[in-house]
Amino acid sequence: MPSSWIGAVMLPLSGLLLCLPAGADVKARSCGEVRQAYGAKGFSLVDIPYQEIAGEHLRICPQEYTCCTTEMEDKLSQQSKLEFENLVEETSHFVRTTFVSRHKKFDEFFRELLENAEKSLNDMFVRTYGMLYMQNSEVFQDLFTELKRYYTGGNVNLEEMLNDFWARLLERMFQLINPQYHFNEDYLECVSKYTDQLKPFGDVPRKLKIQVTRAFIAARTFVQGLTVGREVANRVSKVSPTPGCIRALMKMLYCPYCRGLPTVRPCNNYCLNVMKGCLANQADLDTEWNLFIDAMLLVAERLEGPFNIESVMDPIDVKISEAIMNMQENSMQVSAKVFQGCGQPKPAPALRSARSAPENFNTRFRPYNPEERPTTAAGTSLDRLVTDIKEKLKLSKKVWSALPYTICKDERVTAGTSNEEECWNGHSKARYLPEIMNDGLTNQINNPEVDVDITRPDTFIRQQIMALRVMTNKLKNAYNGNDVNFQDTSDESSGSGSGSGCMDDVCPTEFEFVTTEAPAADPDRREEDSSAARLSHSLLSLSVACVVLALQRLCR
């Protein structure tokens, strides 16, 4: 063989021989940096090789030369799942603590407001009426008991409860202003039956009923909203990643370890696609969540304005005292009307009748002094409390669709937007090229990183969506002053829930009494009799006209 041929053959061979050591160096690349990072995670270094090994055994990471054994890949996969769960919980910490702390504060405020109002009324009435009040104090205690029961979720119809309070108060006071008579239970029931028509307390019950029902409905619904927000946030923040999500998390967070690149962080856009796939169902919660937050803000505005529970409860003792003074001033007219409608009562025994009404019930209330009011819960006011809650609620809007962006902004997770070339793209240290998916489950159909079954929405998340939808409807009703449980019993224009079906221009404004005993004649009564006679005459004339018209039609 010519020497020139031998040289030509030897040159490639020598080149090949020179390349082998270099190739052997690549295969034998040290895993020292990976061992250090792996140990820092708290794992035992028994599983990890000192040098790279062939990666055919890997199930998630690229099957190239690797520093990962099967055991390492399994452990890192579990670690990625744990870190993801912690990231979601940590990222949603603000919204969870907002609802937890504000619910606690509002609930504390509301309960103390009721206790202060009850204590103030009790102190005021004890000073004013002494034994007379104490003998009848259960009427007022029951009022506050029912208000508390309503607030805590009890099945209480506020309007019926308030009507019952005024009826019971009328019964008690009617006996006090008429001590010369004896009233049995049937007679007192007759008295209370006509509380609305008698209007013995003036316009106070009607006004107070509107104020109390609106304020309590708004306050109770608002605190229920805070409860629902707290529960939904707590539940949604505890994610259970799917197997497809866990694979994607492992590939994003720890496959760089297996490739010998433990310090290289994922590309920002790569992270977004993984998180959007893993949190697709959470993002679908956002629409209903935002509607819920908007409804909460609307009710909060009501609490600051016309439905302010503090402005209703703080002076409730003064309002009730005003009603009692109205009753005192109109006691003779009220008694006369009751005697007319329910019959003349029997005289009381001599000992009791010797006491006249003024001696029993003649004390007036002293003027109301706002400076004497007890401090409300934690020294705050409803306005300050609601303003604080509103600010926090506004910040919690779009929180669930923002989770991927918030997580991927974390410098502990990604390389950031400024380092798009030197980041892990799922295969190597290079730019991430696929487009970013839109939010929500249906938009993940082509997610390049996470295998998402868009035909199977998460049942748990759907339950939270329904809970929010129900609460939003309650809040909308509360905004309009309607209790979701008792909407049909209220009529703002009349202030009464009688449900009689009468229109104002048809039904009589005064009830018709069945007189069992003729009352003493008086000028007012003569005027009423005259009016009644004119009304009877008009009705009779109308009836005759109708009969004549009917006969004329028959004759035709």
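Every value quoted in this text rests on a predicted model; they were computed, and no experiment measured them.
Asp453 and Leu441 make their closest contact through O-CD1, 4.2 Å (heavy atoms, listed as atom of the first residue, atom of the second, distance). Of all heavy-atom pairs spanning Cys342 and Val191, the tightest one is SG-N, 3.9 Å. Of all heavy-atom pairs between Glu118 and Gln141, the closest is OE2-CA, 4.0 Å. Ala215 approaches Val312 most closely through the heavy-atom pair CB-CG2, 3.9 Å. Of all non-hydrogen atoms in His103 and Arg230, the two that sit nearest each other are ND1-NH1, 3.4 Å. The nearest pair of heavy atoms linking Phe84 to Cys245 is CE2-SG, 4.3 Å.
Ring geometry for Phe99 against Phe292 counts as parallel: the plane angle stays under 30°, on a 0 to 90° scale with 60° as the upper cut. Classification of the Phe174-Tyr187 ring pair by plane angle, with boundaries at 30° and 60°, yields parallel. Between Phe106 and Phe109, the ring planes are tilted. Angles from 30° to 60° get that label.
Residues Pro241 and Glu85 are in side-chain contact: their nearest non-hydrogen atoms beyond the backbone lie under 4.5 Å apart. Gln175 is listed as a side-chain neighbour of Leu188, based on a closest heavy-atom distance under 4.5 Å. Taking the side chain as every heavy atom from C-beta outward, Asp284 and Gln282 never approach each other to under 4.5 Å. Considering only heavy atoms from C-beta on, Leu170 comes within 4.5 Å of Phe201 through its side chain. Counting only heavy atoms from C-beta outward, the side chains of Leu385 and Leu303 never approach each other to under 4.5 Å. Counting heavy atoms from C-beta on, the side chains of Phe216 and Ile309 come closer than 4.5 Å. A 4.5 Å side-chain heavy-atom check between Thr472 and Trp289 finds every atom pair outside the cut-off. Taking 4.5 Å as the limit, some side-chain heavy atom of Asn290 sits within range of a side-chain heavy atom of Asp286.
The main-chain N or O of Gln328 is found under 3.5 Å from a side-chain atom of Ser331 such that the two form a donor-acceptor pair. Judged purely by atom type and a 3.5 angstrom limit, Thr128 has no side-chain atom pairing as donor or acceptor with the backbone of Phe125. A distance-only check finds no donor-acceptor pair linking the side chain of Asp314 to the backbone of Glu310 [under 3.5 Å]. Judged by distance alone, the side chain of Asn480 and the main-chain N or O of Asn482 form no donor-acceptor pair under 3.5 Å. Using a distance-only test at 3.5 Å, with no hydrogens or angles considered, no donor-acceptor pair links the side chain of Thr221 to the main chain of Ala218. The backbone N or O of His93 sits less than 3.5 Å from a side-chain atom of Thr97, completing a donor-acceptor pair.
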Apply the test side chain to side chain contact (heavy atoms under 4.5 Å, CB included) to residues Val386 and Asn308: give CA-CA distance (whole Å), side-chain angles for both, the deciding distance (0.1 Å), then the verdict.
-> CA-CA 10 Å; Val386 172; Asn308 188 312; over 6 Å; no
Show your reasoning for whether side chain to side chain contact (heavy atoms under 4.5 Å, CB included) applies to Val204 and Trp166.
-> CA-CA 10 Å; Val204 174; Trp166 292 112; 4.3 Å; yes
Evaluate the criterion ring-ring contact (aromatic ring centres under 6.0 Å, His included) for residue pair Phe222 and Phe110; output intermediate values, then yes/no.
-> CA-CA 11 Å; Phe222 191 72; Phe110 196 96; over 10 Å; no
Residue pair Val139, Leu143: steps toward the side chain to side chain contact (heavy atoms under 4.5 Å, CB included) verdict = CA-CA 7 Å; Val139 175; Leu143 169 66; over 6 Å; no
Please walk me through it: do Asp383 and Ser381 pass side-chain hydrogen bond (donor to acceptor under 3.5 Å, both in side chains)?
-> CA-CA 5 Å; Asp383 287 341; Ser381 69; 5.3 Å; no
Output, in order, the C-alpha distance, side-chain angles, deciding distance and verdict of ring-ring contact (aromatic ring centres under 6.0 Å, His included) for Phe307 and Tyr479.
-> CA-CA 9 Å; Phe307 298 1; Tyr479 176 75; 7.6 Å; no
Passes side chain to side chain contact (heavy atoms under 4.5 Å, CB included), Arg206 versus Ile210? Steps please.
-> CA-CA 6 Å; Arg206 186 189 69 83; Ile210 292 173; 3.6 Å; yes
Tell me, with the steps shown, if Glu90 and Arg96 meet salt bridge (charged side-chain N to carboxylate O under 4.0 Å, His left out).
-> CA-CA 10 Å; Glu90 183 182 318; Arg96 287 184 291 113; over 6 Å; no
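Rounded to the nearest 0.5 Å, atoms OG (Ser137) and CE (Met131) are 10.5 Å apart. The OG1 atom of Thr459 sits 9.0 Å away from the CG atom of Asn281 when rounded to the nearest 0.5 Å. Within the model, atoms CG of Leu285 and CZ of Arg235 stand 11.5 Å from one another, a figure rounded to the nearest 0.5 Å. Considering CD1 of Ile320 and CG of Leu169, their distance stands at 8.0 Å, rounded to 0.5 Å. Between the CG atom in Leu147 and the CD1 atom in Ile316 there is a gap of 6.5 Å [rounded to 0.5 Å]. Rounding to the nearest 0.5 Å places CG of Asp317 at 11.0 Å from CG of Asn116.
The existence of a salt bridge linking Glu322 and Lys207 is excluded, since no basic side-chain nitrogen approaches an acidic carboxylate oxygen closer than 4.0 Å. The existence of a salt bridge linking Arg168 and Asp142 is confirmed by a sub-4.0 Å separation between a basic side-chain nitrogen and an acidic carboxylate oxygen. A salt bridge does not link Lys148 to Glu115: none of the charged side-chain nitrogens sits closer than 4.0 Å to a carboxylate oxygen. Using a 4.0 Å cut-off between charged side-chain N and carboxylate O, Arg127 and Asp123 make no salt bridge. Under 4.0 Å is where a charged nitrogen must lie from a carboxylate oxygen, and between Lys105 and Asp388 no such pair does.
At most 12 non-hydrogen atoms from other residues, nucleotides or ligands lie less than 6.0 angstrom from CE of Met332. More than 12 heavy atoms of other residues, nucleotides or ligands shown are found within 6.0 angstrom of CD on Glu138.
Glu171 and Ser192 are linked by a side-chain donor-acceptor pair at a separation below 3.5 angstrom, with hydrogens and angles left out of the test. Between the side chains of Lys199 and Asn330, not a single donor N or O lies within less than 3.5 Å of an accepting N or O. Counting only N and O atoms by type, the side chains of Gln211 and Lys319 include a donor and acceptor under 3.5 Å apart. No hydrogens or angles considered: nothing links the side chains of Ser401 and Asp439 as a donor-acceptor pair under 3.5 Å.
Under the side chain to side chain contact (heavy atoms under 4.5 Å, CB included) criterion, Pro306 pairs with Arg302, sequence neighbours left out.
A cation-pi geometry, defined here as NZ or CZ lying under 6.0 Å from the six-membered ring centre and within 45° of its normal, holds between Arg220 and Tyr150.
Paired with Asp294 under the rule salt bridge (charged side-chain N to carboxylate O under 4.0 Å, His left out), one option of Lys394, Lys397, Lys390 passes, and it is Lys397.
Taking the six-membered ring where the residue is Trp, the centroids of Tyr181 and Phe339 are separated by under 6.0 Å.
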